[in-house]
Amino acid sequence: MADSTERSYIMLKPDAVQRGLVGEIVQRFEKRGFKLVALKLVTPSLEMAQKHYYDLAERPFFPTLCKFLSSGPVVAMVFEGEDVIRQGRRMIGATSPLAADPGTIRGDLAIITGKNIIHGSDSKESAEAEIALWFKPEELNSWKKTDVEAWVYE
C-alpha cells in the first residue's frame with residue numbers, strides 16, 4: 001500500500017442486503033476508483049454490534065441500533081485508495097437520508113435514519129479499529145490493479 005493511500009471500513013447494513021442493494025453500492029465505490037481489499041457476508045451477534053457501536057453506548061437509540069445491526073446479514077468490506085475515508089463519507093451522505101444530498105448513497109437509496117443502509121469509517125483511527133474488529137489480518141488482500149490505476153491517480 002502506497003503512503004498516499006488509506007483503507008476504510010464500509011459496511012452494508014441488513015436493510016441494504018434485504019433490499020438487494022449490495023451490487024449497486026459496491027459498484028459505486030469501484031467506479032470511483034477505490035480498490036476492494038476485503039469483503040464478507042456475516043450476521044453479527046448482538047455483542048459484535050455493541051462493540052462496533054461502542055461510541056454510541058450512552059445514546060438512547062443504542063439498544064435499537066444494535067438489535068437492528070444484528071437482525072440479519074451485513075456486508076463487511078474494506079476499500080483502499082487515496083483519501084478513501086473522507087471521499088467515502090461524502091459518497092455515503094448525511095446520516096439522515098432527508099439531509100443527504102441527491103447523488104449520495106443515502107440520498108438516493110435510503111428514507112429514514114434508522115434504516116440508512118450503510119456505515120463508513122469517519123477517521124483513520126476508527127477505520128483501523130473497525131477493520132481490526134471485523135477482519136483478521138490474513139483476510140485483507142494487498143494487490144495492484146493493472147492498467148486501471150494510471151487512469152484514476154496521478
Side-chain angles (χ1 to χ4, degrees), residues 1 5-137 139-141 145 148 152:
M1 188 166 64
T5 63
E6 60 189 14
R7 288 180 170 175
S8 183
Y9 176 72
I10 303 294
M11 176 175 53
L12 305 184
K13 298 177 185 179
D15 51 332
V17 175
Q18 290 290 334
R19 292 178 53 201
L21 300 174
V22 174
E24 179 176 344
I25 296 170
V26 170
Q27 186 178 46
R28 287 185 183 211
F29 280 87
E30 290 183 320
K31 280 185 172 183
R32 184 71 179 249
F34 296 123
K35 182 169 53 176
L36 184 63
V37 298
L39 179 142
K40 64 182 168 182
L41 182 72
V42 59
T43 301
S45 65
L46 184 58
E47 179 184 19
M48 180 64 138
Q50 291 166 339
K51 286 179 183 177
H52 178 79
Y53 285 124
Y54 76 94
D55 58 326
L56 301 174
E58 301 303 317
R59 304 295 288 270
F61 56 82
F62 180 73
T64 304
L65 179 63
C66 293
K67 183 178 178 186
F68 167 64
L69 191 66
S70 62
S71 69
V74 302
V75 177
M77 299 177 284
V78 179
F79 279 95
E80 182 179 285
E82 191 169 327
D83 206 22
V84 68
I85 296 168
R86 189 171 59 133
Q87 289 191 53
R89 294 285 292 185
R90 293 216 39 189
M91 290 171 62
I92 289 169
T95 301
S96 167
L98 183 60
D101 291 330
T104 65
I105 293 166
R106 288 180 177 146
D108 290 350
L109 304 173
I111 296 173
I112 62 170
T113 302
K115 302 239 181 346
N116 64 9
I117 69 176
I118 188 169
H119 166 85
S121 299
D122 62 5
S123 68
K124 185 173 179 153
E125 295 75 25
S126 68
E128 290 171 356
E130 291 167 350
I131 291 167
L133 177 64
W134 291 90
F135 291 94
K136 298 173 189 167
E139 293 177 310
L140 301 170
N141 294 277
K145 288 183 179 182
V148 177
V152 178

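All figures in this text were calculated on a predicted structure; none of them were measured in a lab. Computed from heavy atoms alone, side chains included, the values below leave out hydrogens, waters and symmetry copies.
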Can you tell me how far apart [atom1] ([X]) and [atom2] ([Y]) are? Round to the nearest 0.5 Å.
{"X": "Arg19", "Y": "Lys115", "atom1": "CZ", "atom2": "NZ", "result": "11.0 Å"}
{"X": "Arg32", "Y": "Glu30", "atom1": "CZ", "atom2": "CD", "result": "14.0 Å"}
{"X": "Ser123", "Y": "Glu128", "atom1": "OG", "atom2": "CD", "result": "8.5 Å"}
{"X": "Glu24", "Y": "Lys31", "atom1": "CD", "atom2": "NZ", "result": "9.0 Å"}
{"X": "Phe29", "Y": "Ile92", "atom1": "CZ", "atom2": "CD1", "result": "4.5 Å"}
{"X": "Leu12", "Y": "Ile105", "atom1": "CG", "atom2": "CD1", "result": "8.0 Å"}

Check: [Y] and [X] side chains under 4.5 Å, non-hydrogen atoms:
{"X": "Asp83", "Y": "Glu6", "answer": "yes"}
{"X": "Ile117", "Y": "Ile25", "answer": "yes"}
{"X": "Leu21", "Y": "Ile118", "answer": "no"}
{"X": "Phe61", "Y": "Leu56", "answer": "yes"}
{"X": "Lys35", "Y": "Thr5", "answer": "no"}
{"X": "Asp108", "Y": "Arg28", "answer": "yes"}
{"X": "Tyr53", "Y": "Arg59", "answer": "no"}

(message) Can a donor-acceptor pair be found, under 3.5 Å and without considering hydrogens, that links the side chain of Asn141 to the backbone of Ala38?
(response)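 Absent.
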What is the minimum heavy-atom distance between [X] and [Y], and which atoms define it?
{"X": "Arg89", "Y": "Ser121", "value": "CD-O, 3.1 Å"}
{"X": "Val17", "Y": "Val74", "value": "CG2-CA, 4.1 Å"}
{"X": "Phe34", "Y": "Gly81", "value": "CD2-CA, 3.8 Å"}
{"X": "Arg106", "Y": "Lys13", "value": "NH2-NZ, 4.4 Å"}
{"X": "Pro44", "Y": "Ser70", "value": "O-CB, 3.1 Å"}
{"X": "Met77", "Y": "Tyr9", "value": "O-CD1, 3.3 Å"}

(message) Run the side chain to side chain contact (heavy atoms under 4.5 Å, CB included) test on Leu69 and Gln50 for me, step by step, so that the C-alpha distance in whole Å, both residues' side-chain angles and the decisive distance to 0.1 Å come before the verdict.
(response) CA-CA 9 Å; Leu69 191 66; Gln50 291 166 339; over 6 Å; no
Can you name the residues that form a side-chain contact (heavy atoms from CB on, under 4.5 Å) with [X], not counting sequence neighbours?
{"X": "Ala132", "result": "none"}
{"X": "Pro97", "result": "Ala110, Thr113, Asn116"}
{"X": "Ala129", "result": "none"}

Should the heavy atoms of other residues, nucleotides or ligands under 6.0 Å from [atom1] of [X] be counted, would the total exceed 12?
{"X": "Lys67", "atom1": "NZ", "result": "no"}
{"X": "Leu98", "atom1": "CG", "result": "no"}
{"X": "Ile111", "atom1": "CD1", "result": "no"}

(request) With side chain to side chain contact (heavy atoms under 4.5 Å, CB included) as the test, would you mind laying out the steps for His52 and Met48 before giving the verdict? (result) CA-CA 6 Å; His52 178 79; Met48 180 64 138; 5.6 Å; no
